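For reference, the structure discussed in these notes is given below.
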Amino acid sequence: MALYSEKVMDHFRNPRNVGVIEDADGVGEVGNAVCGDIMKIYLKIEDGIVSDVKFETFGCGSAIASSSMATELIKGKPLSEVLKLTNKAVTEALDGLPAHKLHCSVLAEEAIRAAVRDYYDRHGIAYDPKDFPDCDSCEGCHG
């Protein structure tokens with residue numbers, strides 16, 4: 001069995017939504033000091049829906065694939081759904097990741113949550129802090 005699924009390899013070789021949104025409504029950046037991966041997610045929000053999303057990731061193939069897939073999963077979705085995205089959903093959409101690379105999907109989830117929280121903060125939108133739990137599942141994920 002191959003270490004990486006065809007979907008992981010496709011999103012690594014042909015990442016979707018790479019780039020910067022200069023006038024982003026929300027930006028989230030997270031990093032993992034253990035592996036050195038850094039993800040930055042940019043959101044454009046219109047009427048509570050993610051109208052555009054871009055990412056910049058410095059990291060391994062799994063980190064790039066996780067970023068790419070996560071952006072695909074939230075594009076066109078309302079923020080209420082975006083906040084329900086889990087690292088498990090990202091991993092499943094990629095047809096799995098090796099156990100030692102699961103932290104990459106965690107970073108993708110955290111970067112998206114950070115971008116949504118930034119959007120709420122910038123626009124003075126009240127939110128439930130429980131929607132933005134700290135990551136207890138990994139070491140040093142916060143950037």
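None of these values were measured; they are calculated from a predicted model.
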Do Tyr4 and Ser62 have side-chain heavy atoms sitting under 4.5 Å apart? yes
Can Leu73 be reached from Leu94 by stepping across I, L, V, M, F, W or Y side chains whose heavy atoms are under 4.5 Å apart? yes
Return a table of donor-acceptor pairs under 3.5 angstrom between the side chains of residues 79-88 and protein atoms on other chains or two or more places apart.
{"from": "Thr86", "atom 1": "OG1", "to": "Lys88", "atom 2": "N", "distance (Å)": "3.4"}
{"from": "Thr86", "atom 1": "OG1", "to": "Ala89", "atom 2": "N", "distance (Å)": "3.0"}

So if you build clusters from Ile, Leu, Val, Met, Phe, Trp, Tyr with side-chain heavy-atom gaps below 4.5 Å, do Ile41 and Tyr127 land together? yes
Is there a path of hydrophobic side-chain contacts, each under 4.5 Å between heavy atoms, that joins Val50 and Val18? yes
Which heavy-atom pair separates Ile38 from Glu29 by the least distance, and what is that distance? CG2-OE2, 3.5 Å
Heavy-atom distance under 4.5 Å between the side chains of Arg122 and Asp25, does that happen here? no
Going by atom types only, do Asn17 and Thr71 share a side-chain donor-acceptor pair under 3.5 Å? yes
One pair to check against salt bridge (Lys or Arg N to Asp or Glu O under 4.0 Å): Lys44 and Asp23. What are the steps and the verdict? CA-CA 8 Å; Lys44 196 72 180 160; Asp23 60 343; 3.2 Å; yes
With a 4.5 Å heavy-atom cut-off, do Glu72 and His11 have their side chains touching? yes
Is there a donor in the side chain of Thr91 and an acceptor in the side chain of Ser105, or the other way round, less than 3.5 Å apart? yes
When you check the gap from the basic side-chain N to the acidic O, do Asp118 and Arg113 get nearer than 4.0 Å? no
Co-members of Tyr42 in a cluster of I, L, V, M, F, W and Y side chains, linked at under 4.5 Å: Val20, Ile21, Val27
Identify whether Tyr120 and Leu43 are in the same connected component of the hydrophobic contact network (ILVMFWY, side-chain heavy atoms under 4.5 Å). yes
